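These notes are about the structure you will find just below.
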Amino acid sequence: MTVGSPLNVFGILFSVITVSALLIWVERRLIGIWQDRLGPNRLGPLGLMQVAADMIKIFFKEDWTPPFADRPVFFIAPAIIMIATLTGFVVIPFAPGIGVVDFNFGLLYFLALSSLSVYSVVLAGYVSNNKYALLGSLRAAAQTISYEVFMGLSVMGVVMLAGSFNLREIVEAQRDVWFCLPQIAGLVTFTIAAIAEMHRAPFDLPEGEQELVAGFHMEYSGMKFGMFFVGEYLSVTLNAAMMVTLFFGGWLGPAFLPPLLWFMLKTSLVIIFFILVRSALPRPRYDQLMSFGWKVMLPVTLLNLLVTGAAVLSTQH
Amino acid sequence: MAQTTALWPLIIYFAAVLVVVGVMLGLPNLLGQRSRGKATVEPFESGIVPVGDTKIRFSVQFYLIAIFFVIFDLEAVYLFAWAVAFRESGWAGFIEIVVFIFVLIAALAYLWLIGALDWRTRRQRRVESKINN
């Protein structure tokens with residue numbers, strides 16, 4: 001198997017879409033268990049067919065474009081989030097020989113695409129011509145760009161240790177010790193930044209139900225709403241895969257399991273962690289969210305860079 | 001460093017993504033039903049009849065954050081460049097980046113002191129200072 005073979009290209013696209021669709025069921029089921037109820041358990045074994053049923057249902061829903069919205073942009077907004085998150089997966093090193101492309105600037109590519117998805121939210125809220133949607137998209141814009149600043153900085157510690165932006169080289173550099181130990185500050189800040197970028201609870205203020213009803217995707221329904229929904233799970237998968245690559249040794253692991261299985265196992269655990277965070281933590285107030293990002297996380301990431309630099313340089317000489 | 005793999009898998013992948021997204025956007029148009037009710041053409045604002053449209057002015061705080069983002073993200077890019085090359089640049093480069101980061105932190109402290117990072121409303125500030133004192 002070589003990186004970028006047709007089997008790889010279509011296999012990866014198919015599996016990330018399947019996994020993200022399945023996550024809808026996984027999340028509902030797990031939150032159900034943590035809240036002492038059952039969750040969807042009627043259709044098929046363990047309720048697994050819920051995903052298929054939802055998909056059939058949502059395809060047959062009315063494709064409604066409100067006459068008061070800006071029609072072309074209203075169509076483009078959900079497409080942007082799907083395209084940005086799906087193409088983010090091309091740089092993920094799933095296992096040796098499994099991946100779409102191998103870029104020297106893989107990490108920068110991921111950061112660029114993850115900031116691209118904010119356009120989807122901003123445009124969706126802005127063209128909907130609905131006050132709740134507008135407020136949601138403004139919040140999303142301010143929140144995403146605030147957390148964007150230190151998201152990039154938080155992974156620079158990893159880049160310094162590995163000496164490369166290439167994700168495969170970053171994984172290889174973790175043969176001795178996974179970067180989650182020397183870069184614990186980077187891991188914590190990256191996790192928080194990732195949750196804020198995905199607008200997931202506890203940082204889901206752009207769609208805070210109690211305040212904004214549904215926030216930026218208020219006027220969306222049917223499959224276009226479904227695309228925002230799947231887009232969110234796609235970015236959960238993408239960010240989890242990225243965390244595994246950067247901090248948890250990617251495909252590395254004891255030899256009794258193949259590398260790809262290690263990668264999938266670790267990614268699933270990180271995804272389950274994201275779901276646990278959602279069901280365990282309350283939502284902060286908006287001003288608390290903003291000042292937390294700027295006043296706590298940004299200085300912490302900057303200091304982390306300095307400490308990492310000093311530590312590496314002093315052991316080198 | 002040279003490009004390690006060919007670009008065509010990325011192009012094929014992107015084309016496949018476009019097809020998937022196109023199907024998701026196009027298919028419901030053929031399959032879905034259509035219905036028109038009395039309030040279908042009204043924006044949904046929790047049952048309240050909408051007043052005016054959304055071409056309104058909003059808080060200047062949002063613009064401030066956008067400006068801060070441009071400034072700090074630009075400076076972060078310099079740090080990206082240092083992060084890959086810091087082994088070569090050694091302690092001299094490290095001292096320079098210490099100065100650079102402290103200038104950044106000083107700018108952040110200044111913004112903090114003039115209250116640009118404070119999102120509370122005047123009323124929230126008053127209430128919270130009463131609780132704290």
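Sequence lines set the chain letters: A, B, ... in the order given, protein chains first and strands last, and positions in each chain run from 1. This one's a predicted model, so the numbers in the text were calculated from it and none came from an experiment.
Around atom CZ of A:R285, more than 12 heavy atoms belonging to other residues, nucleotides or ligands sit under 6.0 Å away.
For the atom pair A:M223 CE and B:M24 CE, the distance stands at 3.0 Å (nearest 0.5 Å). Taken from CE in A:M156 to CG in B:L79, the straight-line distance is 9.0 Å, to the nearest 0.5 Å. Rounded to the nearest 0.5 Å, atoms CG (A:L305) and CH2 (B:W82) are 6.0 Å apart. To the nearest 0.5 angstrom, B:F69 atom CZ is 6.5 Å from A:S115 atom OG. The distance from atom CG of B:L111 to atom NZ of A:K295, rounded to the nearest 0.5 Å, is 10.5 Å. From B:L10, atom CG reaches atom CZ of A:F103 across 5.0 Å, with rounding to the nearest 0.5 Å.
If you measure heavy-atom distances from B:V20 to chain A, the contacts under 4.5 Å come from the side chain alone. Heavy-atom distances place the side chain of B:L18, and not its backbone, under 4.5 Å from chain A. Heavy atoms of A:L108 lying under 4.5 Å from chain B belong exclusively to its side chain. Contacts between A:L135 and chain B at a heavy-atom distance below 4.5 Å are absent for every atom of the residue. With a 4.5 angstrom heavy-atom cutoff, B:F102 touches chain A only via side-chain atoms. At a 4.5 Å heavy-atom cutoff, A:F150 makes no contact with chain B through either its backbone or its side chain. Proximity to chain B (any heavy atom under 4.5 Å) is shown, for A:A310, by both the backbone and the side chain. Within the 4.5 angstrom heavy-atom criterion, only side-chain atoms of A:L111, from C-beta onward, approach chain B.
Applying side-chain contact (heavy atoms from CB on, under 4.5 Å) to B:F72 and the options A:L302, A:V149, A:L153 leaves one that passes, A:V149. Of the listed residues (A:T85, A:L13, A:V90), just one forms a side-chain contact (heavy atoms from CB on, under 4.5 Å) with B:V17, and that residue is A:L13. Of the options A:D102, A:N8, A:V9, a side-chain contact (heavy atoms from CB on, under 4.5 Å) to B:P9 is made by A:V9 and by none of the others.
Distance alone, capped at 3.5 Å, places no donor-acceptor pair between the B:R87 side chain and the A:L313 backbone. Remark: side-chain polar atoms of B:Y13 are not paired, donor with acceptor, to backbone N or O of A:V101 under 3.5 angstrom.
Between B:W91 and A:S314, some side-chain heavy-atom pair lies under the 4.5 Å cut-off. Contact check for B:I65 versus A:Q143: no side-chain heavy atoms found under the 4.5 Å cut-off.
The two residues A:W294 and B:L108 have their closest heavy-atom pair at O-CD2, 3.5 Å. Summarising the geometry of B:A16 relative to A:F10, their closest heavy-atom pair is CB-CE2, 4.0 Å, with the distance given to 0.1 Å.
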